[in-house]
Each structure stands twice: as C-alpha cells, then as structure tokens.
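A short worksheet on the structure shown next.
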Amino acid sequence: MRRLSRARKAPRDLVLRARMVELSWAGQRVPAIADELRCSPKTVRRWLHRFNRLGLDGLEDLGGQGRKRRITESERSRIIGLVKKPAPGRLTVQAGGELAAEDECGPPEWTLDALAAEARGWASGSAAVRSDGSCWPRGCAGAVPGPGPARETRTSRE
C-alpha cells in the first residue's frame, strides 16, 4: 500500500486513494485526511469503506462508466467502409477514358447528410444516422444552430 501511495507511474486517482488508506492506517481521522488531500470527507469515507469491503481491488474504478455506444461494431464498420468508397456523385474515369459519376445527382464528396441518406435503413440507433432521415437529435447535420428564440433585451436600466 505504501509503495502504491508513492508511485509515480500509477494512475493519479489510484495513488490518491491509496494515500487515503495509508493516512487512515497512520491514525488520522477522516476530516484531517480530507484537508491534507484537498477533497471532501464524504469522498474519503467512500473510498475507505470500499477498501475495507473489497481490499485493494476496491480502490480501482468500476467499469461501465461513460456513454454507451449507440451503434453496433458492424454498423460502425459499414459506415467506415462507406466513407472509404467514392461518393456517388464523384467523377471517375471510365474504361473509355470518359469522366462519369455513378449518380449524377449525388454529392461529389461525402457529407453527413449524404452518409445519413445512404445508411438509412441499416444503421439502427445512431445519433448521426437515424432511420427517420434526420442526422442529429436537433435538425440537420449541415445546419448551424441558430441563436434560439428571440429575446427581449434591455438597453438601459429603468
């Protein structure tokens, strides 16, 4: 524990929690530990209780934090593969040496709107590519959010 509390290569949070345990073993009370480590007494109590319950493993972060993926790995791979292909409206040299596009009405470069339209139907729950045709939770991906509803502004204090 002492070695971990002084480690320079270990994650900072883990070192801080080990230091809490070490100070507690040295006989310091929770408020004194919190003052020395510049955190709240509630935080010190929580980590000491977890250490008492789970041992050294209790000082590690629990997994599963952060936002969960909204698309599967196979959908992600398909979207990446789609981006690597030329856009439908991009001009390419044909066998006879002429320039032609697969879809002359399609975009010459991939945009978020074009990817959303192309992936519609097989990408399930993505925020960027939704089956209802919208690209983002609020409006279209190409649109820049506006200032919002008009507000009254006061020019002088009355």
Side-chain angles (χ1 to χ4, degrees), residues 1-87 90 107-158:
M1 185 60 62
R2 285 181 177 81
R3 196 167 29 157
L4 179 59
S5 69
R6 288 172 176 73
R8 294 192 181 272
K9 299 283 184 176
R12 183 174 175 267
D13 290 339
L14 189 60
V15 171
L16 180 71
R17 295 165 194 162
R19 183 86 176 121
M20 289 177 192
V21 172
E22 184 184 19
L23 291 173
S24 175
W25 284 352
Q28 288 192 23
R29 300 265 184 204
V30 169
I33 296 171
D35 286 342
E36 184 172 331
L37 299 178
R38 296 185 179 161
C39 61
S40 74
K42 183 178 179 181
T43 301
V44 175
R45 279 188 200 92
R46 178 174 28 137
W47 289 110
L48 290 177
H49 286 298
R50 269 190 59 186
F51 176 77
N52 288 336
R53 198 172 60 243
L54 301 171
L56 196 55
D57 291 337
L59 300 181
E60 296 281 341
D61 283 326
L62 296 176
Q65 291 142 345
R67 183 177 178 173
K68 305 295 181 249
R69 288 195 172 195
R70 296 182 70 176
I71 60 175
T72 65
E73 195 61 38
S74 64
E75 290 170 337
R76 184 176 182 272
S77 296
R78 285 180 73 180
I79 291 172
I80 290 171
L82 188 62
V83 171
K84 289 184 177 183
K85 291 185 348 186
R90 187 178 189 102
E109 298 289 331
W110 284 118
T111 62
L112 288 176
D113 288 339
L115 285 170
E118 189 73 24
R120 193 175 302 128
W122 54 261
S124 62
S126 169
V129 184
R130 294 171 49 181
S131 59
D132 65 356
S134 61
C135 323
W136 295 106
R138 282 176 257 134
C140 189
V144 177
R151 296 183 187 175
E152 286 186 30
T153 57
R154 200 180 334 171
T155 56
S156 64
R157 290 189 161 215
E158 296 177 45

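Fair warning: this is a prediction, and the values are worked out from it, not measured in the lab.
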Could you tell me whether the side chain of [Y] reaches within less than 4.5 Å of the side chain of [X], counting heavy atoms only?
X     : Y     : answer
Trp47 : Leu16 : no
Arg50 : Arg17 : no
Ile79 : Ile71 : yes
Ile80 : Lys84 : yes

- [ ] Tell me, please, which residues at least two apart from Arg69 pass salt bridge (Lys or Arg N to Asp or Glu O under 4.0 Å).
- [x] Glu73

Heavy-atom pair of closest approach, residues [X] and [Y]:
X      : Y      : value
Val44  : Cys39  : CG2-SG, 3.6 Å
Pro108 : Ala87  : O-CB, 3.5 Å
Ser40  : Ala34  : C-CB, 3.8 Å
Leu82  : Trp110 : O-NE1, 3.2 Å

Open item on the list: For the CE atom of Met20 and the CD atom of Glu36, what is their distance to the nearest 0.5 Å?
Closed with: 11.0 Å

Open item on the list: Would you compute the distance between atom CZ of Arg76 and atom CZ of Arg70 and round it to the nearest 0.5 angstrom?
Closed with: 15.5 Å

Task: Working for side-chain contact (heavy atoms from CB on, under 4.5 Å), residues Val15 and Arg19 - done: CA-CA 6 Å; Val15 171; Arg19 183 86 176 121; 5.5 Å; no

- [ ] Identify whether the distance between the nearest side-chain nitrogen and carboxylate oxygen of Glu75 and Arg78 falls below 4.0 Å.
- [x] no

Which pairs would a plain distance check flag for residues 51-60, meaning a side-chain donor or acceptor within less than 3.5 Å of a matching protein atom at least two apart in sequence or in another chain?
from	atom 1	to	atom 2	distance (Å)
Asn52	ND2	Leu48	O	3.2

